[in-house]
Amino acid sequence: MTKRLWIETVGCQMNVLDSELVVAALRRQGWEMARTTGEADAVFYNTCSVRQHAEDKIYSALGRIRLEKQQRPGLVVGVLGCMAQKDQELVRKRAPWVDLVVGPGQLHRVPGLVDEVLAGGGPRLEVSLDRAGGSREAIAQSFESYDPDRDSQMRPTPFQAFVRTQTGCDKFCAFCVVPHVRGPEQAREPATIVAEARKLVADGCREITLIGQTVNSYRWKDGSTTTRLADLLVLLDGIDGLDRIKFVTNYPRDMTDDLIAAVRDLPKVSHYLHVPAQHGSDAVLTRMKRGYSIGEYMEMLGRLREAIPHAAVTSDFIVGFCGETDAEFQTTLDLVRTADFKNSFIFKYSPRPGTKAFDRQPDDVPEVVKKERNQALLEAQAAVSLAGNLRFIGTRQQVLVEGLSVRDERRQGENPPSTDGIAQLQGRTMCDRIVVFDAPLRLVGRLVDVDIQAAGAWSLAGDVADGLADAVPLEHLFSDDAAAAPPTLYDIDLTKSDLRKNAITKSGLTKSDRGRPSPSGKSDTTPADTSAGA
Ligand code: SAH
């Protein structure tokens with residue numbers, strides 16, 4: 001009998017991609033997606049460890065699924081991803097009803113492991129070596145790259161896809177657990193990345209977002225030739241049928257002139273750059289072990305803006321990091337007020353076991369102060385974002401239409417629009433600005449020109465200009481019979497309207513965090529207002 005899977009995902013784009021790949025691999029073995037946990041033979045949680053909040057959510061979900069497991073002891077419960085790698089045996093100590101604990105470097109084993117559990121083989125724990133668990137080579141090998149064939153059915157939209165450039169991270173920022181749970185940085189071969197992109201484009205994909213923990217540190221050495229991100233962008237830009245290329249997340253020190261020139265000169269590369277500053281004060285950046293001063297960050301930003309004046313730059317910030325004084329926080333506030341970020345993703349510091357800050361620096365900023373600073377920074381960024389968006393009124397922007405706006409997505413349940421019916425749609429400009437506009441649903445997946453009429457802090461609103469920028473029919477994206485449409489795969493907040501497309505098979509992947517999604521799907525504080533535009 002067909003087995004059914006339910007999977008929930010929290011965290012960054014890496015997790016979204018990992019879930020896509022795990023689901024695709026299981027589907028190739030005959031699994032189908034469950035509509036509820038109640039009809040699932042296996043329930044998986046693909047987890048995140050970047051902040052405590054993300055872990056707490058998974059442990060509460062495990063508490064809830066325990067009741068179902070009591071009713072149906074044959075249900076396989078799996079914890080995948082970063083929390084599995086971080087907590088290892090602790091997962092089953094806290095939740096003994098979990099059958100599978102599989103780290104991000106062992107995901108290729110999931111299909112075999114589920115079969116073993118179903119055959120009565122008992123619980124399984126498969127994780128990679130700790131960062132101190134052997135030679136660099138041995139550790140790297142224990143984090144195996146997971147590159148099975150892609151499956152467009154498994155993405156939030158068939159015309160957008162993440163492509164991994166590298167796994168792991170070697171930056172070891174004092175606050176961050178990522179290098180510990182995702183292992184050493186390992187680049188994928190350029191030919192593999194390009195071949196995957198070509199295949200995605202042949203399958204109808206129009207926009208590719210390259211993902212790596214610090215994507216602009218990409219480096220592949222082959223004999224005397226070194227391929228860096230700028231070179232990779234040149235290769236990808238040459239793919240016929242691909243319209244847009246984005247990449248996240250960037251490390252400020254690796255924002256080299258050749259990369260900036262590639263972004264400026266290659267027509268398909270989005271002029272949108274997520275380059276987290278994390279803080280405005282040199283003293284705090286030193287405590288964070290970020291490896292640059294605020295002067296160096298501003299110098300980088302200056303080079304970027306000189307080369308591409310209209311580039312949209314976004315940042316991440318941590319408030320309430322160990323020892324952060326009022327005066328130090330003020331420097332972050334000043335930076336946000338002056339640096340003209342399109343958006344910032346703001347996080348309250350959450351101490352992570354295993355990191356240098358956890359071991360050596362007390363988490364001494366009270367929660368109430370973290371909250372106040374979070375709010376103050378959010379308000380400062382909202383004012384800057386609004387001012388930035390107002391500049392777009394009266395301009396014509398090319399928009400890749402992603403789906404229904406948040407407002408119409410909510411309405412869809414009661415009264416689903418037909419493909420020719422006018423709905424409020426949502427898409428993104430080349431600079432990653434969200435645009436809402438009324439248009440027929442069949443424009444989803446296409447590039448259209450929109451005349452911008454109004455602006456809010458987090459989105460623009462406008463009217464579709466005469467004619468279409470592009471008229472490739474993509475009607476196959478939609479089922480005429482909405483009632484028969486399979487549920488969508490993701491509930492992650494990439495853009496909300498991506499997520500319940502008719503063409504996408506869903507099982508309840510949950511939203512990573514509250515608020516508007518960040519480039520790494522990781523915002524927990526930035527408010528969402530993508531429904532109405534102005
Ligand atoms: N390298 C990736 C993933 C890092 S996690 C990237 O840069 O996107 C994403 C963001 O979460 C970081 O940029 C940082 O702002 C925030 N973050 C990381 N560790 C954190 C912690 N311990 N507490 C609060 N925020 C954290």
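In each ligand, atom 1 is the first atom listed, and ligand 1 is the first ligand listed.
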Which of the numbered atoms in ligand 1 are below 4.0 angstrom from a heavy atom of [X]?
X    : result
T249 : 6 (C), 7 (O), 8 (O)
Q278 : 12 (C), 13 (O), 14 (C), 15 (O)
Q213 : 1 (N), 2 (C), 3 (C), 6 (C), 7 (O)
R352 : 22 (N)

If you measure only the distance, is there a donor-acceptor pair under 3.5 Å linking the side chains of [X] and [Y]?
X    : Y    : answer
T314 : N343 : no
H274 : D316 : yes
E402 : Q426 : no

Subject >> Geometric class of the H310/H271 ring pair [parallel <30°, tilted 30-60°, perpendicular >60°] >> reply: tilted
Original post:
Taking the inter-plane angle between the rings of Y292 and Y297 on a 0 to 90° scale, is it parallel (under 30°), tilted (30 to 60°) or perpendicular (over 60°)?
Top reply: tilted
Original post:
Is the closest N or O pair between R51 and ligand 1 shorter than 3.5 Å?
Top reply: yes
Original post:
Has ligand 1 got any nitrogen or oxygen that is less than 3.5 angstrom from a nitrogen or oxygen of P351?
Top reply: no
Original post:
Taking non-hydrogen atoms only, is I318 closer than 4.0 angstrom to ligand 1 via side chain, backbone, both or neither?
Top reply: side chain
Original post:
For ligand 1, does F347 get within less than 4.0 Å through its side chain, its backbone, both, or neither, judged by non-hydrogen atoms?
Top reply: side chain
Original post:
Below 4.0 Å from any atom of ligand 1, is there a heavy atom belonging to K171?
Top reply: no
Original post:
Looking only at heavy atoms of T214, does any of them come nearer than 4.0 Å to an atom of ligand 1?
Top reply: no
Original post:
H279 and F329: aromatic ring centres closer than 6.0 Å?
Top reply: no
Subject >> Candidates D254, D170, N250 - the one meeting side-chain hydrogen bond (donor to acceptor under 3.5 Å, both in side chains) with S217 >> reply: D254
